[in-house]
Amino acid sequence: MTKKYDPKKVETKWQKIWETENAFAAKNSSKKPKFYYLIEFPYPSGAGLHVGHLRSYVALDAMARIKRMQGYNVLYPIGWDAFGLPAEQYAIKNHIHPAEAVKQNIVNFKKQIKTVGISFDWDREINTTDPKYYKWTQWQFLQFYKHNMAYKDKKEINWCPNCKIGLSNEESSGGVCERCGGKVEKRLKEQWMLRMRDYAEILLKGLDKTEFIDRVKNAQIEWIGKSEGATINFPIKGRDEKISVFTTRPDTIFGATFIVISPENEFITKNIDIINNKKEVWKYQEKASEKSDIERTDATREKTGVLLEGVVAINPVNNKELPIYISDYVLNDYGTGAIMAVPAHDSRDYEFAKKHGIEIIQVIEGGNIKQAAYEGDGKHINSDFLNGLDQANAIAKIVKYLSDNNLGEKTINYKLQDWVFSRQRFWGEPIPMIYCEKCGWVPVPDKDLPVKLPEIKSYAPTDDGESPLARITEWVNTVCPKCGGKAKRETDTMPNWAGSSWYWLRYMDPDDENTFASEKAMKYWNMVDYYNGGMEHAARHLLYARFWHNFLYNQKLVPFPEPFKKRVAHGMILGPDGLKMSKSKGNVINPDNVIEDVGADTLRCYEMFIGDYKEDAAWTDNGLYGCKRFLDKIWNLQNRLNNKKGYTKELETLINQTIEKVTNDINSMKYNTAVSSLMILTNAYDKEKTITKKDYRTLLHLLNPICPHITEEINEECKLGKTLYLSDWPQYDNNVIEQADKKIAVQVNGKMRALIIVPSSFSENEVVSKAKEAVNKYLLGKKIKRVIYIEGRLVNIVVD
RNA sequence: GGGCGAAUGGCGGAACUGGUAGACGCGUUGGACUCAAAAUCCAAUGGUAGCGAUACUGUGAGGGUUCGAUUCCCUCUUCGCCCACCA
């Protein structure tokens, strides 16, 4: 009789072995082919590891373990993305330095991950809050600055009065603060910006070099938001002044009946002296600034606006006078912040025109303009030299006309904005800049990096919105590196996204003190082959990371332009109630408890079996226990071993099929069916009185990537062969699969009527005649019109 | 409003490239073991009719293509995600 299965004992034993032997360390040079798996490194929160984290860690762990057994030099690293608000807020509340809180959380996370037996290369562990790491984040920021890619700009930013923090467009989408959920206001503030917009085209084109899943690619394309059109200049009557508008439909210019500019458009301030209804305009501007983005962008809202009295624009193609309105349906940060309104062919302009009683001129045939704007294609009318042309030809002609006459030009626009890179917070990388009254902004010299965060007592932001660093005069006051005079440090810190915008590079060479990663290491590891993360990061993080990397490439600081070859996304693990797990709902599953209860291998197995990896799936304890029974069954097979060599004849085909299926399924992230096929194989073994050592070992080997502890233990205990993780991954014999008897479905008129089993050597005629025999009673008195034969699968007999 | 995706038993989910629908697991029911329970094992399990072999029906709804449709095409419904007054 075998020993009882004690998961804890088994798992601790093997985890210790892997640690002592440093079993999963990647080598920076090797004759083996390389493979780089990357999971999004976690934020080490106080709540501890989540079963959702583990779903992706285990998934890539299984892939990584197979790849190693297939002879690859695999890099599968982990680290900590530890800057950010939660640690800071925890620190404010508990009067503990965020670094201390982070340190404690990391200890806990690490302990938790280790009990799951993920084959991370712990030698390469990194931490974004470690000065040795953020030295290079700062250094890279200075590269942006030195190449004129970082600039300071006083601009309207999204301001969260609650968090007292400036937010990027992305972080305040919907007019709501991403962190606290509060309403976002507009506020002017000097901010460091990165010229991400300059990289819009590169980021778009770069997607061709990747194999991201379509969902992710679309998210990227959507976010970059490229559109082609024209900029057209509308002169102001009686003034040496003009309004530039951006339009994707320059062909409709003869239908323009008014101009709309955004309430923030600088045209207003510049020309305020000639505006007759200043007060009304100011009032509208004030109201607009109070509105949150969510109110402003609610498309169902009525289109309000104010006419600028005393100012008139001229349509450059026909000299028609056009009134100018300000309205908040025009966005200041897209295009030129001004549009030519063509109510006949744009539904928003149509709505506005109807409300304000403005003329509507149809310039394209089609639709019913009395009822709604017509946005489709058609023959141009009322359009002078464009008459008779369709949209594409009219656009080409008008664009040429505009540029020939110096009235405008072809323009490409992107929704993508420059990256607001400043945060008025303590717990982030200090931006390594010094302000000198004499010299202006001066970068901190490389030799003085990193600019470390000081030890301070209070981490709360100041009420005026300055970083808490601004209060530490001994830290702020410094000397100018250029002239040696008195100067002050920048007190803003970097956003949370900074540290995660290059971390995959540091993994390649985590201990290098002279560079962020040596060229040799980067050339060797090259692109991340497989990058797993959540859909919530498919737009922003991925865009920032690609931008950062492409920039470094353009400065010849990294040897390849795109960081990630393949990006895949996992589904969430939901609570047993089918809702997203959250403390407040009390539906959180703690992995520690699960491991205590059933062991890590069962947890791993269940997380892979729970459902389609790409989709969300709800946790059920019963499903977990099902996996426990599966492992118990495998453990108990130890009693069935015989002394025969090779595979059991009756099992040979199934074993070979299972090797093929498991290998392919795990490689294509179909973990649930991989587990399922191993369950089928186990059930087949269970039906046999005895099995051979080779039968058993192959099953264990195939399960090893998903359940590494129990499989190694049995393999060792029963002396089945070499330690599994050091052995070659099983190969299947295709001949065995092909020579197996074939199950053939027999249909009559497309209806399933019988199932026959035929030797693989049977010819078509033999199969068909056997099939006819099997369904004879359905054929009596019928005339066979046709027989369809699909080799190895089915015979369909078509009768009258 | 736009884009993408999804819809299969009581539940999670399988099904290659158009070829046995419901694998595998859970749950449920019946049985074995037990003084009893747990655990384990065996059997059944889409629906309807039938003692039964079996027949019919069945992948959100309706139509189409095909020898054959969960899979392809058209129309519609519902849900999810992402984007959203982007000119």
Side-chain angles (χ1 to χ4, degrees), chain A residues 173-174 214-219 221-223 225-227 229-230 245-250 252 260 262 293-294 296-301 303 327-331 333-342 345-349 351-352 413-417 535-536 538-539 569 571-572 574 578 605-606 609-612 614-627 629-630 632-633 636 661 664 670 672-683 686 743-756 785-799:
Chain A
S173 69
D214 286 348
R215 273 200 301 167
V216 173
K217 244 182 207 182
N218 287 339
I221 292 167
E222 178 76 27
W223 210 275
K226 179 177 183 172
S227 63
V245 307
F246 173 71
T247 176
T248 54
R249 295 296 304 276
T252 61
V260 190
S262 72
D293 275 355
I294 200 155
R296 268 193 73 162
T297 58
D298 178 5
T300 59
R301 222 183 78 246
K303 298 216 167 5
S327 173
D328 61 10
Y329 85 91
V330 171
L331 307 175
D333 53 12
Y334 183 76
T336 58
I339 61 161
M340 65 172 203
V342 184
H345 305 290
D346 181 286
S347 56
R348 296 153 301 183
D349 299 345
E351 221 183 292
F352 191 89
N413 238 307
Y414 302 91
K415 290 187 206 169
L416 190 68
Q417 303 286 318
M535 270 315 282
E536 70 274 22
M572 267 187 298
L574 309 171
C605 182
Y606 178 55
F609 187 59
I610 191 167
D612 184 344
K614 297 173 207 64
E615 302 293 329
D616 295 351
W619 180 275
T620 64
D621 282 342
N622 281 331
L624 177 72
Y625 296 136
C627 288
R629 279 197 277 273
F630 168 54
D632 285 342
K633 211 181 249 184
N636 292 330
K661 184 151 178 63
N664 293 342
K670 289 156 82 176
N672 52 342
T673 50
V675 174
S676 148
S677 68
L678 288 167
M679 286 173 169
I680 292 169
L681 188 64
T682 304
N683 291 342
D686 204 28
K743 278 201 250 171
I744 308 284
V746 186
Q747 299 181 334
V748 178
N749 285 347
K751 265 195 181 133
M752 175 63 185
R753 291 303 183 185
L755 195 63
I756 57 173
K785 277 165 64 182
R786 202 176 149 188
V787 175
I788 287 130
Y789 171 73
I790 307 293
E791 201 189 330
R793 288 201 170 271
L794 127 165
V795 174
N796 185 12
I797 301 165
V798 186
V799 297

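So that the names make sense, note that chain A is the first sequence line, chain B the second, and so on, each numbered from 1. Just so you know, these numbers come straight off a predicted model, no measurement behind them.
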Verify the contact: side-chain N or O of [X] to OP1 or OP2 of [N], cut-off strictly under 4.0 Å; return yes or no.
X: A/N672; N: B/rG25; answer: no
X: A/K751; N: B/rU57; answer: yes
X: A/N218; N: B/rC81; answer: no
X: A/Y625; N: B/rC26; answer: no
X: A/R786; N: B/rC67; answer: yes
X: A/T673; N: B/rG13; answer: no
X: A/K670; N: B/rA15; answer: yes

Can you figure out which of [options] approaches the side chain of [X] most closely?
X: A/V798; options: B/rU20, B/rC83, B/rC67; result: B/rC67
X: A/R793; options: B/rU20, B/rA87, B/rC16; result: B/rC16
X: A/L755; options: B/rU20, B/rG27, B/rA87; result: B/rU20
X: A/F246; options: B/rA87, B/rA21, B/rG27; result: B/rA87
X: A/D612; options: B/rA14, B/rA87, B/rC4; result: B/rA14
X: A/Q747; options: B/rG19, B/rC24, B/rC83; result: B/rG19

Would you check if [X] and [Y] make a side-chain contact, meaning some heavy-atom pair closer than 4.5 Å?
X: A/Y606; Y: A/V675; result: no
X: A/R753; Y: A/V746; result: no
X: A/L416; Y: A/K226; result: no

Starting at [atom1] of [X], measure out to [atom2] of [Y] and round the result to the nearest 0.5 Å.
X: A/M340; Y: A/R249; atom1: CE; atom2: CZ; answer: 9.0 Å
X: A/K785; Y: A/I797; atom1: NZ; atom2: CD1; answer: 14.0 Å
X: A/N622; Y: A/C627; atom1: CG; atom2: SG; answer: 11.5 Å
X: A/F352; Y: A/S327; atom1: CZ; atom2: OG; answer: 4.5 Å
X: A/L681; Y: A/D686; atom1: CG; atom2: CG; answer: 11.0 Å

Pick the [atom1] atom in [N] and in [M], then give their distance to the nearest Å.
N: B/rU20; M: B/rC67; atom1: C1'; answer: 16 Å
N: B/rG18; M: B/rC73; atom1: P; answer: 10 Å
N: B/rG47; M: B/rG22; atom1: C1'; answer: 13 Å
N: B/rC16; M: B/rG12; atom1: C1'; answer: 23 Å
N: B/rU28; M: B/rU77; atom1: P; answer: 39 Å
N: B/rC24; M: B/rA36; atom1: P; answer: 33 Å
N: B/rA7; M: B/rU70; atom1: P; answer: 13 Å
N: B/rC42; M: B/rG46; atom1: C1'; answer: 23 Å

[X] has an atom [atom1]; how far is it from atom [atom2] of [N], in whole Å?
X: A/L794; N: B/rG18; atom1: CG; atom2: P; result: 15 Å
X: A/N664; N: B/rC16; atom1: CG; atom2: P; result: 14 Å
X: A/M679; N: B/rA14; atom1: CE; atom2: P; result: 14 Å
X: A/L678; N: B/rC24; atom1: CG; atom2: P; result: 14 Å
X: A/Y329; N: B/rA87; atom1: OH; atom2: P; result: 13 Å
X: A/W223; N: B/rG2; atom1: CH2; atom2: C1'; result: 15 Å
X: A/K217; N: B/rC82; atom1: NZ; atom2: C1'; result: 18 Å
X: A/K614; N: B/rG80; atom1: NZ; atom2: P; result: 22 Å

What does [X] touch in the nucleic acid at a heavy-atom separation under 4.0 angstrom: a base, only the sugar-phosphate, or nothing?
X: A/N413; answer: nothing
X: A/T247; answer: sugar-phosphate
X: A/I744; answer: nothing
X: A/G626; answer: sugar-phosphate
X: A/I680; answer: sugar-phosphate

Does B/rG9 fall in syn (glycosidic angle within 90° of 0) or anti?
->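 The base of B/rG9 is oriented syn (glycosidic angle within 90° of 0).
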
Fill in the dot-bracket string of RNA chain B, one character per base: . for unpaired, | for a pair to another strand, ( ) or [ ] for pairs within the strand, taking Watson-Crick or G-U pairs under 3.5 Å.
-> (((((((..(((......[....)))((((((.......))))))((((....))))..(((((..]....))))))))))))....

Of A/D616 and A/N796, whose closest RNA chain B nucleotide lies nearer the 5' terminus?
->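 On the 5' side of the pair lies A/D616.
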
Along RNA chain B (nearest heavy atom to each residue), the more 5'-positioned of A/A617 and A/R753 =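 Upstream on the strand: A/A617.
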
No-hydrogen, no-angle side-chain donor-acceptor test under 3.5 Å, A/N664 and A/K670 |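 No, A/K670 and A/N664 have no side-chain donor paired with an acceptor closer than 3.5 Å.
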
So does A/K614 have more than 12 non-hydrogen atoms from other groups sitting under 6.0 Å from NZ?
->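 Count over threshold, so yes.
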
Report yes or no: does A/S676 contribute a side-chain atom to a donor-acceptor pair with the main-chain N or O of A/N672 at less than 3.5 Å?
->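 No, because the side chain of A/S676 does not come within donor-acceptor range (under 3.5 Å) of the backbone of A/N672.
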
Expected output: side-chain A/N413 to main-chain A/S227 donor-acceptor under 3.5 Å =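 No; zero donor-acceptor contacts below 3.5 Å.
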
Expected rows: protein N/O vs nucleotides 37-48 of chain B N/O, under 3.5 Å:
none

Would you kindly check whether a donor in the side chain of A/K303 faces an acceptor in the base of B/rC85, or vice versa, at under 3.5 angstrom?
->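 Answer yes: a donor N or O sits under 3.5 Å from an acceptor.
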
Show your working on side-chain hydrogen bond (donor to acceptor under 3.5 Å, both in side chains) between A/D349 and A/Y329 and close with a plain yes or no.
-> CA-CA 9 Å; A/D349 299 345; A/Y329 85 91; 2.8 Å; yes

